[in-house]
Amino acid sequence: MFYRIGQRCYRHRRIVLALWLLVLVISAPLIPRLPNVLEVGGFSNPEIEAARARALLESELPSFSPSTLVVIFQSESPDLTADDPTFMLQAETALADVAELPEVTSVGSFRANPMQISADGDTAYTLIQLEPSPEQSQRLMPEIRERVREPENLSVTLAGAPAFYEDIERISEQDLRRAEVIAIPFALIALVFVFGSVVGAGVPLVVGGLSVAAVLGLLYAVASVINMSIFVLNLTTMLGLGLAIDYSLFMTSRFREEFSRRPIEEAVAVTVGTAGRAVFFSGLTVLIGLAGLSLFEFMFLRSVGVAGALVVGVAVLGALTLLPAVLGYAGPHINRWQVIRRREDGGAFWARLANAVMAHPWRVFIPTIIFLIALGLPFLNVNLSSPDATILPLRVESRQGFEVLRQEFGDGEISPIVVALETEEGPTSRENLQALWDFTRYFAADERVTRIDSLVTLDPRLSLEQYELLYSTASIDDAYVGESLNQLASPDATVVLLYMRGLPNDTTSKELLADIRDYEVGGDFSMLVDGGTAEIVDVVDEMYAEFPRVALVIVLTTYLVLLFLFRSVLLPLKAILMNILSIFASYGALVFIFQEGNLSNLLDFEPLGFVEASLPILMFCLLFGLSMDYEVFLLSRVRESWLETHDNRLSVANGLQQSGRIITGAALIVVVVTLSFVTAEIVLVKALGLGIAIAVLLDATIVRALVVPATMRLLGDVNWWLPGWLARLLPKKEFEH
């Protein structure tokens, strides 16, 4: 089948090239518009408790909105403080036009709440509630900035979720452009180094570029129909360029080998029939890993899974159709413009290495396994969390606002624990006020809590009986009490805000959340808890409750594909274990670098103190397939030799000799492309790029060059064991030479 595909693509190469160029023409105008149809966020799930609490409060309390823009005012004069009428007037004047926007539901000025003024009085903030979600509200930010009037003696900083999401989108686009400028030239240099000729290097780059353009065009069409995360932009370029060049590299290398002894048409057909077949199954393993992401109930992960499936599908299609057509024209000139002259026995090093490893398999196997496990050990201390403003660089306004709030008001002021209480009798009934009183006084005595906002904490001088009397009157004359009642309660619900000493991700904050959820609230209240800490805990719990199931599906499906391809019971199992080992080592690097802050000065980022919760899942699904790429290419050549010689040791040496340099070169391309994203200013993208680069580098060197030959030597002929009953179930003729 693959032989015939190569043959037909060669014979009809003009039509194939015309079709791919047509795809490029269609995609070109869509690519610049792609960011406009992608969304930020997607790290939450509507089924978690925090999201259900948020939905309850949105429906019951008109003043409550998860989309809150924080406007921070800082005095530029030592004599002007926030309680000064001039300060207040300038702040209100600055936001007068913003308040008239139809999307603004309320403006919570610091004039009405002294807690929004810093202790030294030089900083205050106003809360603007917006009707759309934070992801949608970020589209309002340009108009809001235009409407903000510049005060004479105050500086204005915009922070909060809408500003954060706007900065995420803008910085993501900048990161992508920077990475492309770095990745493409360096990928070309690496290809020239691998092939030794400019034409040979140019073929994979042309196929890779056309494939990425096609994927971005398809992505625009898909994102116009379903929600897709802004981060797929970075992933599509990173993975698409790496995979497309990788597959083209393997096939072009095989073509050079076949062209030295066959006519060009047959060389192209044999290339697709051998290396093309390996590319197909290799792509299938990558596709399985990425498709696993679509099983998660998180838009961010699901959209990466959809985008990844498009990337792999187009990369394989390009390798099996576009590449044979390009080789039809460039093939006779594949070695033209040589820059580096390769020796004919260039694979001898790999054969000697394989023989040396197999001569002393235990001496190689044990130290390398210990080394890889040691690299992964820091992951045992991982602290998983959801992303916040700290993933942005300090130069960005929303991050600066985040730091001002921390410095002037404390860590806990940024994101309180939000307790949503639903009731049938009403929140101001006698029993429910008693329950609120007991709840708030219990946690007010907790040293982890700095203050509490609720119906029964408006004034510390009032007793429970006075609150009961206050709320029992038909009309409330006190403007402050009336406003608080409107903001904090409805006939069927009320909210309690608990401000903590620590950041949402701190261990003490998570322990406080657990204590709040364990508390039995009296009255007829039913309780749901939201807030930054609750979101982090619920998202992590939900993701990692689903992860084992997804990982099991990926592992089992990959095993069956490799069993089908290699007709061996043990080789797929060995490949899976080797993959998990290299992924575990890269996990350790994530913790060592990004959580603990090692190499932060070199890589130019602020240590997070945590690992973003989706990163290990993303890396598992990406790397499981990507690492399997190299295993498939190596074992395909080993199996070819085994079918000819039935000598396990000779087959391993021959397979590594024929594929070692190309696998290393392919890994070099992926490392170059992914390392270009280390220049990203968003720490999440930087961590993903570096994590993939480390895992691929370890996998293509230590694992493939040392661990695989050692294990295959130790297993001997058992490598190729297949029970007779299973052999009869598997097709044979199509997939063996």
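- Remark: the backbone N or O of Phe300 is not paired with any side-chain donor or acceptor of Ser229 at under 3.5 angstrom.
- At least one donor-acceptor pair under 3.5 Å links the side chain of Thr533 to the backbone N or O of Pro504.
- A cation-pi arrangement, defined by a distance under 6.0 Å to the six-membered ring centre and an angle within 45 degrees of its axis, is absent between Arg302 and Phe296.
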Kindly determine whether Val156 and Ile72 satisfy side-chain contact (heavy atoms from CB on, under 4.5 Å), including the steps that lead there.
-> CA-CA 6 Å; Val156 182; Ile72 304 167; over 6 Å; no
Does the pair Arg501 and Glu447 meet the rule for a salt bridge (Lys or Arg N to Asp or Glu O under 4.0 Å), with working shown?
-> CA-CA 8 Å; Arg501 295 193 184 279; Glu447 62 179 10; over 6 Å; no
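- Tested against Phe409 for a ring-ring contact (aromatic ring centres under 6.0 Å, His included), the candidates Phe402, Tyr499, Tyr125 yield a single pass: Tyr125.
- One finds a salt bridge joining Arg451 and Asp453 here, because a Lys/Arg side-chain nitrogen approaches an Asp/Glu carboxylate oxygen to under 4.0 Å.
- A distance-only check finds no donor-acceptor pair linking the side chain of Asp538 to the backbone of Ile48 [under 3.5 Å].
- For the pair Asn598 (side chain) and Phe592 (backbone), a donor-acceptor distance under 3.5 Å is present.
- Taking the six-membered ring where the residue is Trp, Phe584 and Phe379 present perpendicular rings, their angle passing 60° and hence far from 30°.
- Atom CD of Gln174 has more than 12 neighbouring heavy atoms from other residues, nucleotides or ligands inside a 6.0 Å radius.
- Between the side chain of Arg52 and the backbone N or O of Glu47, at least one donor-acceptor pair lies under 3.5 Å.
- Checked by atom type and distance alone, the side chain of Arg399 never pairs as donor or acceptor with a backbone atom of Pro393 at under 3.5 Å.
- Neither side chain, Thr157 nor Gln400, offers a donor N or O lying under 3.5 Å from an acceptor on the other.
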Check step by step if side-chain contact (heavy atoms from CB on, under 4.5 Å) holds for Met500 and Thr450.
-> CA-CA 6 Å; Met500 309 165 291; Thr450 57; over 6 Å; no
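- Contact check for Leu688 versus Leu684: no side-chain heavy atoms found under the 4.5 Å cut-off.
- At least one side-chain heavy atom of Ile617 sits under 4.5 Å from a side-chain heavy atom of Tyr544.
- Centroid-to-centroid, the aromatic rings of Phe610 and Phe594 stay 6.0 Å apart or farther.
- Although no hydrogens or angles enter the test, the distance criterion places no donor-acceptor pair under 3.5 Å between the side chain of Thr557 and the main chain of Ile554.
- With no hydrogens or angles considered, no side-chain donor-acceptor pair links Thr508 and Asp506 at under 3.5 Å.
- With a 4.5 Å cut-off on side-chain heavy atoms, Pro162 and Leu130 count as touching.
- Environment of CG in Asn36: crowded, with over 12 heavy atoms of neighbouring residues, nucleotides or ligands closer than 6.0 Å.
- Between Ile391 and Phe605 the shortest side-chain heavy-atom distance does not fall below 4.5 Å.
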Evaluation steps, ring pair (Phe, Tyr, Trp, His ring centres under 6.0 Å), between Phe620 and Tyr587 | CA-CA 9 Å; Phe620 179 87; Tyr587 281 0; 7.6 Å; no
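- With contacts defined as side-chain heavy-atom distances shorter than 4.5 Å, the pair Leu295/Glu546 does not qualify.
- Here the side chain of Asp175 pairs a donor or acceptor atom with the backbone of Glu681 at under 3.5 angstrom.
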Step by step, work out the side-chain contact (heavy atoms from CB on, under 4.5 Å) result for Ile580 and Phe624.
-> CA-CA 7 Å; Ile580 291 173; Phe624 196 85; 4.3 Å; yes
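- Ser137 and Ser67 share a donor-acceptor pair across their side chains, judged by distance under 3.5 Å alone.
- Between Thr68 and Ile128, the closest side-chain pair of non-hydrogen atoms is not below 4.5 Å.
- Between Lys686 and Asp604, no side-chain nitrogen of the basic residue sits less than 4.0 Å from a carboxylate oxygen of the acidic one, so the salt-bridge criterion is not met.
- The shortest distance between side-chain heavy atoms of Tyr247 and Val286 falls below 4.5 Å.
- Heavy-atom contacts from other residues, nucleotides or ligands closer than 6.0 Å to CZ of Arg363 number 12 or fewer.
- In this structure a side-chain-to-backbone donor-acceptor pair under 3.5 Å is present from Glu397 to Leu158.
- To the nearest 0.5 angstrom, Asn383 atom CG is 8.5 Å from Ile536 atom CD1.
- Residues Ile452 and Leu497 fail the side-chain proximity criterion, which asks for heavy atoms closer than 4.5 Å.
- Using modelled atom types, no side-chain atom of Ser582 and backbone atom of Asp699 make a donor-acceptor pair closer than 3.5 Å.
- Checking Lys574 against Asn579 by side-chain atom types alone, no donor-acceptor pair falls below 3.5 Å.
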Derivation and outcome, side-chain contact (heavy atoms from CB on, under 4.5 Å), residues Val419 and Leu498 = CA-CA 8 Å; Val419 179; Leu498 295 93; 3.5 Å; yes
